[in-house]
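Inspection log for the structure reproduced underneath, given as structure tokens.
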Amino acid sequence: FGLNHAMYTSFTGVGFGLARYSRSRRQGTLYILAGLLAAILTHAIHNTFLSLEDMCMVSLVADWLGIGVVVVIILLTWRRERLWMTTQLAHEVRWGVLTEEQLQIILSRRRRWSKEWEALEATGMREARLWHKLADTAGELAFKTHQEQALGPEQATTRLIPQLRARIIQIRRELGDSAAADSVVCAQCGRPSPAADVPCPHCSVGRAEAIAGSE
């Protein structure tokens, strides 16, 4: 029964996740309550059958069925995450925020772990952590741009997206990526620009600025 409480909590988490993408507060509240109700019901089924004589096997089967549902949700989530990242980060490659090779490494868990391990063996912990940080930041950028498209502009998301782009370019510089060595980014949209203090060729609103030095 060690996985049970993680399973109950995960149903509540699904409710909150669905609520994040709902367009109305009422719908979001219903998603959260449905997730909480699913957690309560699965917990109640476990406790009820466990307390009945000769019925504990029903509780055990119900528990493993619930865990199976969670595993399926995880697999479907990974598939959707990859789709979002493939779609959203393809734009970032065209804009020069990432390279195509970096995108392919980020999209594959096997290649990403292999790259981090190679970096760890070759140069130590610092470069391995930078690759991990690059993948995490790129993933967050993909999810935030997807949220902006799905939900419309939100002040916090709109402000964060350019910061994530600039952070990715900074990480590439720290990794020794020559293409990002002298990069400047637009202060408005965070995309790379050909030179500092010129109008951004991407958004035509901001002006390019040299990104901050190494962290």
Side-chain angles (χ1 to χ4, degrees), residues 10 13 17 20-21 70-151 156-195 200-203 206 208-215:
S10 71
R20 177 66 180 89
Y21 283 92
V70 173
V71 170
V72 170
I73 291 173
I74 290 172
L75 294 175
L76 291 174
T77 299
W78 282 354
R79 182 179 179 182
R80 176 162 293 187
E81 284 180 352
R82 181 181 171 83
L83 176 61
W84 288 353
M85 291 176 69
T86 301
T87 302
Q88 302 299 338
L89 296 182
H91 302 305
E92 305 301 332
V93 170
R94 288 198 296 272
W95 293 324
V97 177
L98 285 165
T99 68
E100 180 63 33
E101 180 183 6
Q102 289 163 350
L103 173 59
Q104 295 307 315
I105 292 172
I106 290 168
L107 289 177
S108 168
R109 283 184 172 82
R110 182 184 61 80
R111 291 186 63 182
R112 188 166 70 242
W113 294 336
S114 176
K115 188 68 176 181
E116 291 176 18
W117 183 255
E118 289 175 8
L120 181 63
E121 290 184 320
T123 60
M125 182 64 72
R126 180 180 179 276
E127 186 168 335
R129 291 179 65 182
L130 284 172
W131 272 105
H132 184 81
K133 188 177 178 182
L134 179 67
D136 280 354
T137 307
E140 186 176 3
L141 174 60
F143 300 150
K144 290 301 178 183
T145 51
H146 173 78
Q147 284 179 5
E148 188 173 57
Q149 289 180 2
L151 302 175
T157 302
T158 301
R159 185 173 59 249
L160 181 59
I161 287 173
Q163 296 173 6
L164 292 170
R165 289 183 177 130
R167 200 178 303 165
I168 287 171
I169 295 173
Q170 175 60 41
I171 296 169
R172 289 175 57 194
R173 287 177 62 181
E174 294 182 36
L175 282 168
D177 186 337
S178 59
D182 300 317
S183 293
V184 293
V185 299
C186 173
Q188 182 72 22
C189 68
R191 301 182 181 102
S193 294
C200 175
H202 303 289
C203 68
E209 299 177 351
I211 62 176
S214 299
E215 296 178 354

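Every value quoted in this text rests on a predicted model; they were computed, and no experiment measured them. Reckoned from all heavy atoms, side chains included, excluding hydrogens, waters and symmetry mates.
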By salt bridge (charged side-chain N to carboxylate O under 4.0 Å, His left out) - contacts of R112 (at least two apart):
none
Please give me the minimum heavy-atom distance between A119 and W131, naming the atom from each residue.
CB-CD1, 4.1 Å
Using salt bridge (charged side-chain N to carboxylate O under 4.0 Å, His left out) as the criterion, list what pairs up with E140, not counting sequence neighbours.
none
Are R80 and L76 close enough, and set up right, to give a side-chain contact (heavy atoms from CB on, under 4.5 Å), and what steps lead you there?
CA-CA 6 Å; R80 176 162 293 187; L76 291 174; over 6 Å; no
Check side chain to side chain contact (heavy atoms under 4.5 Å, CB included) between T157 and all other residues, then give those that pass, not counting sequence neighbours.
R20, K144, Q147, E148, E154, I161
Within-4.5 Å side-chain heavy-atom neighbours: R82 and L107:
yes
Quick one about E100 and Q104 (side-chain donor to acceptor, distance below 3.5 Å, no hydrogens or angles considered), yes or no?
yes
Looking only at heavy atoms, what is the nearest atom pair of V70 and S10, with distance?
CG2-OG, 3.3 Å
Check the pair R109, W78 against side-chain contact (heavy atoms from CB on, under 4.5 Å), reporting the backbone distance first and the verdict last.
CA-CA 10 Å; R109 283 184 172 82; W78 282 354; 3.2 Å; yes
Between CG of L130 and CD of E174, what distance do you get to the nearest 0.5 Å?
5.5 Å
Using a 3.5 Å distance criterion without hydrogens, assess whether the side chain of T137 forms a donor-acceptor pair with backbone atoms of L134.
no
Partner residues of W117 under the side chain to side chain donor-acceptor pair (under 3.5 Å) criterion, sequence neighbours left out:
E121
Which atom names give the shortest non-hydrogen contact between A142 and T145, and what distance separates them?
O-OG1, 2.9 Å
Do the side chain of R165 and the main chain of V97 share a donor and acceptor less than 3.5 angstrom apart?
no
Check side chain to side chain contact (heavy atoms under 4.5 Å, CB included) between L83 and all other residues, then give those that pass, not counting sequence neighbours.
T87
Would you please classify the geometry between the W84 ring and the F143 ring as parallel, tilted or perpendicular, with 30° and 60° separating the classes?
perpendicular
Counting C-beta onward and ignoring hydrogens, is there a side-chain heavy-atom pair between R191 and V185 closer than 4.5 Å?
no
To the nearest 0.5 angstrom, please state how far the CG atom of L141 sits from the CD1 atom of I106.
9.5 Å
Rounded to the nearest 0.5 angstrom, the CD1-CG distance for I169 and D177 is 10.0 Å
Rounded to the nearest 0.5 Å, what separates atom CZ in R173 from atom CG in L175?
12.0 Å
Do I168 and R172 make a side-chain contact, defined as non-hydrogen atoms from C-beta onward lying under 4.5 Å apart?
yes
Using ring pair (Phe, Tyr, Trp, His ring centres under 6.0 Å) as the criterion, list what pairs up with H132, not counting sequence neighbours.
none
Rounded distance [0.5 Å steps], CD in E92 versus CD in Q102
12.5 Å
CD/E127 to CD/E116 distance, rounded to the nearest 0.5 angstrom?
11.0 Å
